[in-house]
Amino acid sequence: MSEKFIPLTDYRQREQQLMVPSRLVEPDGQLLDSLQRPLHDLRISVTDRCNFRCVYCMPKEVFDKDYRFLPQTSLLSFEEITRIARIFIAHGVGKIRLTGGEPLLRKNIEKLIEMLSNLRTANGDNIDLTLTTNGSLLARKAQSLKDAGLSRVTVSLDSMNDATFKQMNDVDFPVSDVLDGIDAAHRAGLGPIKVNMVVKAGLNDGEIIPMARYFKGTPHILRYIEYMDVGASNGWQLNEVIPSAELIKKLNQAGLSLLPVQANYAGETAERWRYADGSGEIGVISSVTQTFCHECSRARLSTEGKLYTCLFATHGHDLRSLLRDEHNAYSDLAIANVLAQLWRQRSDRYSELRSQQTEELMSSRKKIEMSYIGG
Ligand code: SAM
Ligand code: SF4
Ligand code: SF4
C-alpha cells in the first residue's frame, strides 16, 4: 500500500499528520517505544462531561454553562471504541480502564462494557477491564456493571468530612452517597475496590488520617495521589503538593504503622504499603515527587478518538479520522501499523523532565485537561 496522509481535524490545535507505512506487518504483541517501554495499558475516556466540578480538575470558573463540551457526533461510538481496543490488544494491551469525565454518565455504558469484556488477548486471556468513577451513580449501577463484565472499580473520594468533600466537588455532593456506592460495588463483587484520594495541601490534607482510619480493616485499598499539574485550568502550584514520603511519615506518627510491599508488576503506578498489624493495604501515587515515566506503559484514548501517549501531552493523534474515513480505506491492519509507528516514536517522560527542569519552562506548555483524556 502506498503512503496515505490524513487531513487534520482537531479544532483545538493543529496536529501531526498520520501516515500508513508502505509495508504492513501483523502486530505481535511486542511493541516497544523509543525508550523500550511496552504498550500494556489503555485508558479510554468515554465522555468529557461530569456532574462534579472538582476544584483540581474541572473548576467551575472554566467549566461553566458556556463551556463547549464535545457534541454527541464527535464521541467515538461503542463499535468504534471496541474496534480500536481490539487493535490495541493485538499490540499487547491487557488492561483497559474506562474513565472520563464521569464514565457512568455515558448512556448505556453497560453495553460498551459487555462488548469490551468479550475481547481476548492473543493467548485467549480475558482483558482486565476496570473503570474509575466519582461514585455518584455507583449505588444504582454496580450490579449491572458487574453483570456486563466489568472486573473492578476505582472510586474517587477526597474526604470523609462532608464540608471538605463538598468544597472539593463543588456541587454539594455528600460523602455518604459515595460510601453507599462503594458498599454496592463491594456487594456486587467489583473488588478489590481502590479508593483514590487526591491530596491538596491546605484543602484536604487534614483528611489523610481520617481516610486511613475509615478504610483500615476493610478490603478496600486507599490510594493517596499527589496533586498534579495536569491541564491548564487548576492553577497548580508545587507548594500544594504533599510528597508521599511525608504522608507515609504522618501516618506512622499517628500510630498507623506501615511496611512496604512488593509491586504487583513492573510499571505499577502506586507504591504499595501494608499495615504492620495486618489490617489491610494502602498505596501512594507519587507522580510529582517520585516519577515513574521509565516504566510507563499507558496510552490514552480521548472521547473523540485521539491517542495521547502521555497524560501531559500537548497534542493527540486523530485515530477517529481513520475509523471514519469516508471510503473505508483503513483496515484493522493499516490502523495497527499507524499505531505501531506512533508508539515506536514515543519518547514522553514529562514527569521526569518536570523534576529536572524549571517550573517556568514547563508551565509554558499548553497541556490537555484531565477531564478530556481521563486520569
Ligand atoms: N470522574 C472520574 C473520577 O473522578 O474518578 C474519572 C475521571 S477523573 C479525571 C480520574 C482521576 O483523576 C480521579 O481519581 C481524580 O481524582 C484524578 N485527578 C483529577 N485531577 C487531578 C489532579 N490535578 N491531580 C491528581 N489527580 C487528579
Ligand atoms: Fe469529574 Fe472526576 Fe474530574 Fe472530579 S475528578 S471533576 S469527578 S472528572
Ligand atoms: Fe507516563 Fe507521561 Fe505520566 Fe511519565 S508523565 S508516567 S510518560 S503519562
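Counting starts at 1 for both ligands and their atoms, in listed order.
Close contacts of ligand 3 with F292, meaning ligand atoms under 4.0 Å from a residue heavy atom, involve 6 (S). Within ligand 1, the atoms closer than 4.0 Å to a non-hydrogen atom of E226 are 25 (C), numbered from 1 in the order shown. Every atom of ligand 3 is numbered from 1 in the order shown, and the set under 4.0 Å from a heavy atom of Y350 is 5 (S). Ligand-side atoms of ligand 3 in range of F312: 5 (S), range being under 4.0 angstrom from any heavy atom. With ligand atoms numbered from 1 in the order given, ligand 1 contributes 6 (C), 7 (C) to contacts under 4.0 Å with heavy atoms of T99. Applying the 4.0 Å criterion to heavy atoms of C310 picks out, from ligand 3, the atoms 2 (Fe), 5 (S), 7 (S), 8 (S). Close approach to S351 involves these atoms of ligand 3, each under 4.0 Å from a residue heavy atom: 5 (S). Residue contact check: N134 has heavy atoms under 4.0 Å from atoms 2 (C), 3 (C), 5 (O) of ligand 1.
Contact annotation: G101 has at least one heavy atom less than 4.0 Å from an atom of ligand 2. Taking 4.0 Å as the cut-off, S287 does not count as a neighbour of ligand 1 on heavy-atom distance. Under a 4.0 Å heavy-atom criterion, R300 is in contact with ligand 3.
In terms of N/O distances under 3.5 Å, ligand 1 is approached by S156. Taking any N or O of G101, backbone or side chain, at least one lies under 3.5 Å from an N or O belonging to ligand 1. In terms of N/O distances under 3.5 Å, ligand 1 is not approached by C57. In terms of N/O distances under 3.5 Å, ligand 1 is approached by T133. Taking distance alone, with nitrogen or oxygen atoms compared against 3.5 Å, E102 approaches ligand 1 more closely than that limit.
At the top of the distance list for atom 8 (S) of ligand 3, counting protein heavy atoms only, stands L311 N, 3.3 Å. Scanning all protein heavy atoms for the shortest distance to atom 3 (Fe) of ligand 2 gives C57 SG, 2.4 Å. Closest to atom 4 (Fe) of ligand 2 among all protein heavy atoms lies C54 SG, 2.3 Å. In terms of protein heavy-atom proximity, atom 7 (S) of ligand 3 is nearest to D348 O, 3.6 Å.
With a 4.5 Å cut-off on side-chain heavy atoms, V284 and L247 count as touching. When side chains are defined from C-beta on, F63 does not count as touching C57, because their heavy atoms never get closer than 4.5 Å. When side chains are defined from C-beta on, K306 does not count as touching L319, because their heavy atoms never get closer than 4.5 Å. Side-chain contact between M197 and V199: present, with at least one pair of heavy atoms (C-beta onward) separated by less than 4.5 Å. For the pair V20 and I335, the minimum side-chain heavy-atom distance is 4.5 Å or more. For the pair Q341/M19, a side-chain contact is recorded, criterion being any heavy-atom separation below 4.5 Å from C-beta on.
Atom 1 (Fe) of ligand 2 has C50 among its coordinating residues (N/O/S atom, backbone or side chain, under 2.8 Å).
Of the residues T133, T47, N51, the one that meets the side chain to side chain donor-acceptor pair (under 3.5 Å) test with E102 is T133.
Neither the backbone nor the side chain of V155 has any atom closer than 4.0 Å to an atom of ligand 1 (non-hydrogen atoms only). Residue contacts with ligand 1, taken as heavy atom pairs separated by less than 4.0 Å, involve V198 solely via side-chain atoms from C-beta onward.
Evaluated by nearest non-hydrogen atom to atom 1 (Fe) of ligand 3, the leading choice among C296, C293, S287 is C296.
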*Test log, rule salt bridge (charged side-chain N to carboxylate O under 4.0 Å, His left out), inputs D158 and K200*: CA-CA 9 Å; D158 297 326; K200 188 174 173 190; over 6 Å; no
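More than 12 non-hydrogen atoms from other residues, nucleotides or ligands lie less than 6.0 angstrom from CZ of R120. In the displayed structure, D125 atom CG is contacted under 6.0 Å by more than 12 heavy atoms of other residues, nucleotides or ligands.
Between the side chains of T291 and S351, not a single donor N or O lies within less than 3.5 Å of an accepting N or O.
Across every non-hydrogen atom of V338 and P21, the tightest pair is N-CD, 4.2 Å.
Taking the ring centre of Y275 as origin, the terminal cationic atom of K216 falls inside the region bounded by 6.0 Å and 45° from the ring axis.
Expressed to the nearest 0.5 Å, how far CD1 of I127 lies from CZ of R86 amounts to 11.0 Å.
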